[in-house]
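For reference, the structure is listed below as structure tokens.
All residue numbers in this chain count up from 1 along the given sequence.
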Amino acid sequence: ALDPQHLRYYYAANLSARPDDLDLNFTDFENRVNAELVGNISNFTYRTLSYCMKQFEGRVTGFPDNAPTAEVEAAIPEIRELYRGREFRKAMQKINAVCAVANKYYQDSQPWALAKKDPETARKVISWCTAMCKVIGVRLKPVLPKAAESIERQLGLGVGHDAEFVVEINRLHHRVEVVIAIRPPPHDLQKEVQLGGASHREPGAAGRHRSPRCPVVHCRLPPAAYGS
């Protein structure tokens, strides 16, 4: 079964304010969820919060001066206006762009190496990335409320914890693989089923109906003997 959160994201990532038709393309669904929701957003939040917990016991501090804060702050009102205009596809693109900026900053800063020679600066890098997890979660909430709540819970927001701590770590989403079962074409064959020594012949479906169907066997059973 498809995860409803994945479907919500897929539909939002393909919807605009125009009344266009939208098909559920499973190849596009799998690629989009794995590349954007898993590979970009979930990957960033997990690597940030897990490292914050592992290296700094979940405690965050101030931000570094070289973080791309202005770029993110400029995108926030744009995302809000895109939601108001029902331009969900563009809103998802902008959120992914914000996450890509944060992901690049994390990767370029290499906090795992920085922590060995300048742990305080490494903590600031992780603190900024942790704040970006909250920014991304808030912007995703209209489409992915469960994912947003998971980020809030991991950050200890709204559950009696100080917001300066990461309190738990969970992956938001996992990779998906859509397997489509294709029915074989109908054949004008007769199915023979052995029932208690007697054979039952079921005509092929093609002669009666265009859609393939499995043979239906009705078996008359003797009445149950109660109390024996």
Leu37 vs Tyr10, test: side chain to side chain contact (heavy atoms under 4.5 Å, CB included). Steps then yes/no. CA-CA 9 Å; Leu37 198 54; Tyr10 177 77; over 6 Å; no
Any sub-3.5 Å donor-acceptor pair from [X]'s side-chain atoms to [Y]'s backbone N or O?
X	Y	value
Ser150	Lys146	no
Asn40	Asn96	yes
Thr45	Ser42	yes
Arg8	Leu144	no
Asp118	Leu114	no
Asp23	Asn25	no
Ser127	Val60	no
Arg86	Ala17	no
Tyr83	Arg139	yes

Taking the basic N atoms (NZ, or NE/NH1/NH2) and the acidic carboxylate oxygens, is any pair closer than 4.0 Å for Lys141 and Glu152? yes
Testing the 3.5 Å rule here: is there a donor-acceptor pair between the side chains of Glu73 and Thr69? no
Does a sphere of radius 6.0 Å around CG in Asp65 hold more than 12 heavy atoms from other residues, nucleotides or ligands, not counting ones at 6.0 Å or beyond? no
Closest approach of Leu155 to Lys134 (non-hydrogen atoms, all atoms of both residues): CD1-CB, 3.7 Å
Which heavy atom in Tyr105 sits nearest to a heavy atom in Pro68, and how many Å separate them? CD1-CD, 3.6 Å
Tyr106 and Trp112 aromatic ring geometry - parallel, tilted or perpendicular at 30°/60° bounds: tilted
Only one of Glu78, Glu36, Glu71, Glu81 clears salt bridge (charged side-chain N to carboxylate O under 4.0 Å, His left out) with Lys94; which? Glu78
